[in-house]
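Beneath this line is the structure, given in structure tokens, with notes to follow.
Numbers restart at 1 for each chain; the letters A, B, ... are given by sequence-line order, proteins then strands.
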Amino acid sequence: MKKILLLICIVFLGCKSYYQVTDNNAQFYLTDNELTSDSEIEEMISPYRDKLNKKMGEVIGTLETELTKDQPESTLGNFVADAILASAKKRYSKQVDFSLPNYGGLRVPYIKAGDITMSDMFELMPFDNKLVIVHLNGADVKQLFDHITGLGGWPISKGVEIRLDTLNQKNEYIINGEDLKLNNKYTFCVSDYIANGGDNCSFLKDKKRDDLNLLFRDALIEYVKENKIINVNLEKRTSYK
Amino acid sequence: MLRRKFIQRTTSGLLVLGLGSFPNELFASNNTTKLTILHTNDVHSRIDPFPLDGGKYQGLGGAAKRATLIDRIRKEEENVLLFDCGDILQGTPYFNFYEGSLEFELMNKMKYDAATIGNHDFDAGIEKLSEHIDNSNFQMLNCNYNLSNTPLKNNVKNYKIFDIQNVKIGVLGVGIKLDGLVPKNLYGDAEYLDPIKNANETASLLKNEFKCDLVICLSHLGYEYESDRPSDLKLAKSSNSIDLILGGHTHTCLDVPTSVANKNGEEVLVNQVGWAGIRLGRLDYYFTKTKKRKKVVPKSTNVR
């Protein structure tokens with residue numbers, strides 16, 4: 001009897017069936033204007049949206065030409081770099097040599113010309129990162145610039161020229177009209193995210209720094225409100241030799 | 001509607017093995033089970049469509065339109081699984097002011113089945129993320145964060161098995177290194193473990209112990225890097241029990257999934273659909289009851 005049971009078990013296990021993938025195919029859909037909006041979802045969103053629009057719809061300035069995000073240099077990057085440097089300088093009594101927003105920290109691909117709203121600034125910089133001033137010697141700056149150029153180039157403030165010669169590994173770095181000097185001391189404005197080692201910048205973690213107690217986003221908002229009309233050009237801040 | 005269809009593989013596994021060339025119609029419908037997998041990644045709190053400002057993305061995205069699309073597919077297809085691959089949160093003022101509640105509520109309403117954790121999902125803190133997960137009807141999955149000393153210890157699982165008309169679908173989640181990407185005070189005591197090792201072990205468990213017919217990995221590792229960081233392509237190549245990797249993080253927009261040969265030379269598909277809910281990805285799998293598993297190898301073209 002046991003043998004029969006065993007046999008039944010073996011037969012049963014032997015008949016264990018699988019479901020074999022015999023075919024597959026892939027496609028994607030664009031969530032575009034051909035689709036109507038689901039009314040129940042709209043009802044869920046609208047109270048949130050209405051409250052937000054009151055705060056976020058405020059027009060804080062005018063953009064003359066579209067800002068776009070790109071590497072190694074872009075109009076969106078130049079705008080952000082100059083804006084945070086200006087706001088940092090207002091709060092810091094000593095020299096600030098440059099600013100360096102991280103490329104990945106620009107969170108929209110473009111801002112269209114026209115009204116600049118609070119919402120634009122929140123989408124550009126949604127994170128609650130704060131600005132800090134970091135103190136470096138020239139050798140540290142070289143390491144930093146080598147790092148960011150290795151990542152394809154980050155936005156940088158007016159006055160810095162990075163001339164890329166990646167083939168020969170002989171990039172030229174010019175800060176406010178002078179070649180980067182390895183023994184000089186420099187200060188720069190950056191988000192606490194980067195100063196804390198984000199984006200593989202762990203070499204910045206132990207550097208001397210001063211807090212500005214200013215949100216990155218608030219620095220942008222302040223700059224737009226003060227300048228009212230924003231017009232940004234490409235200036236070969238970072239370029240190939 | 002601008003709907004493009006890419007038939008990636010019309011060849012059946014049988015045909016690949018040269019055992020026959022039965023057209024699909026010959027498989028009687030009672031022998032074949034069809035599963036439709038829908039997926040999003042890096043939606044980043046894009047609850048509304050991009051504004052009509054003349055920009056590249058104007059009018060695209062938006063939860064209300066995605067819900068219409070999903071509903072329509074659910075009406076057409078019997079078996080649908082809907083997944084998200086992380087970075088549900090952060091990117092619009094909705095998150096700054098409401099900390100993610102609406103994003104999760106909308107996913108409940110759309111009946112997501114599972115999701116994995118993206119780095120930005122920690123942006124309101126691990127306690128807040130835990131609240132969102134507790135309020136959600138879909139399973140949050142991750143197998144490479146040690147969460148035992150965190151609020152996520154009971155509400156995040158390594159894997160979940162879905163039974164689709166007796167076809168067993170094993171789904172696991174895998175996440176990116178948090179240190180250097182997320183401030184420590186936000187991710188708390190979540191401990192990052194080797195994603196490749198843990199994903200492969202979990203996948204092996206699903207395929208060999210639980211006898212899953214299809215193993216899907218929801219990943220927030222990123223598609224590919226120049227450096228040797230763990231990525232979806234690396235995971236695919238190193239694997240032996242994963243059939244499909246749905247990814248996120250790098251906002252990679254693939255028109256067709258990438259076909260990768262795993263370490264046994266079998267096919268793994270890797271897919272990712274950009275960001276912001278601009279696209280919804282779809283894969284249809286057809287299963288036929290069989291006595292023995294057959295090896296499915298990639299087609300010779302476009303294999304990474």
Of the backbone (N, CA, C, O) and the side chain (C-beta and beyond), which part of [X] lies under 4.5 Å from a heavy atom of chain B, both, or neither?
X: A/Asn196; result: neither
X: A/Tyr48; result: both
X: A/Met44; result: both
X: A/Asp199; result: backbone

Is it the backbone or the side chain of [X] that comes under 4.5 Å from a heavy atom of chain A, or both, or neither?
X: B/Asp71; result: side chain
X: B/Ile37; result: neither
X: B/His39; result: neither
X: B/Ile73; result: side chain
X: B/Pro93; result: both
X: B/Asp53; result: both
X: B/Gln58; result: backbone
X: B/Glu103; result: neither
X: B/Leu214; result: side chain

Can you label the angle between the B/His251 ring and the B/Trp275 ring as parallel, tilted or perpendicular, going by 30° and 60°? parallel

Donor + acceptor pair across side chains of B/Ser259, B/Glu267 (<3.5 Å): yes

With a 3.5 Å cut-off and no angle check, do the side chains of B/Asn119 and B/His249 form a donor-acceptor pair? yes

Tell me whether A/Lys69 contacts the main-chain N or O of A/Ser74 through its side chain, where contact means a donor paired with an acceptor under 3.5 Å. no

Pairing of A/Arg49 and B/Asp48 as salt bridge, 4.0 angstrom limit: yes

Aromatic centroids of B/His120 and B/Phe95 separated by under 6.0 Å: no

Aromatic ring proximity, centroids under 6.0 angstrom, B/Tyr285 and A/Tyr19: no

Most heavy-atom pairs under 4.5 angstrom with chain A, which of [options]?
options: B/Leu283, B/Asn271, B/Thr68; value: B/Thr68
options: B/Lys56, B/Lys184, B/His44, B/Glu226; value: B/Lys56
options: B/Leu38, B/Ile47, B/Asn166; value: B/Asn166
options: B/Met110, B/Arg66, B/Arg46; value: B/Arg46
options: B/Thr92, B/Val273, B/Leu181; value: B/Leu181

Distance to the ring centre below 6.0 angstrom and angle to the axis at most 45 degrees; does that hold for A/Arg217 and A/Phe127? no

A cation-pi test, strictly: NZ or CZ of B/Lys168 under 6.0 Å from the centre of the six-membered ring of B/Phe162 and no more than 45 degrees from its axis. Yes or no? no

Are the side chains of B/Glu77 and B/Lys34 in touch, meaning some heavy atoms are under 4.5 Å apart? yes

When only pairs under 4.5 Å are counted, which of A/Ser202, A/Gly104, A/Pro109, A/Ser39 shares the most heavy-atom pairs with chain B? A/Pro109

Could you check which of A/Lys55, A/Met125, A/Lys205 has the highest count of heavy-atom pairs closer than 4.5 Å to chain B? A/Lys55

B/Tyr57 vs B/Phe50, ring-ring contact (aromatic ring centres under 6.0 Å, His included): CA-CA, chis, key distance, verdict: CA-CA 6 Å; B/Tyr57 299 131; B/Phe50 283 88; 5.3 Å; yes

Applying side chain to side chain donor-acceptor pair (under 3.5 Å) to B/Asp284 and B/Thr36, what does each step give before you reach the verdict? CA-CA 4 Å; B/Asp284 293 294; B/Thr36 298; 2.6 Å; yes

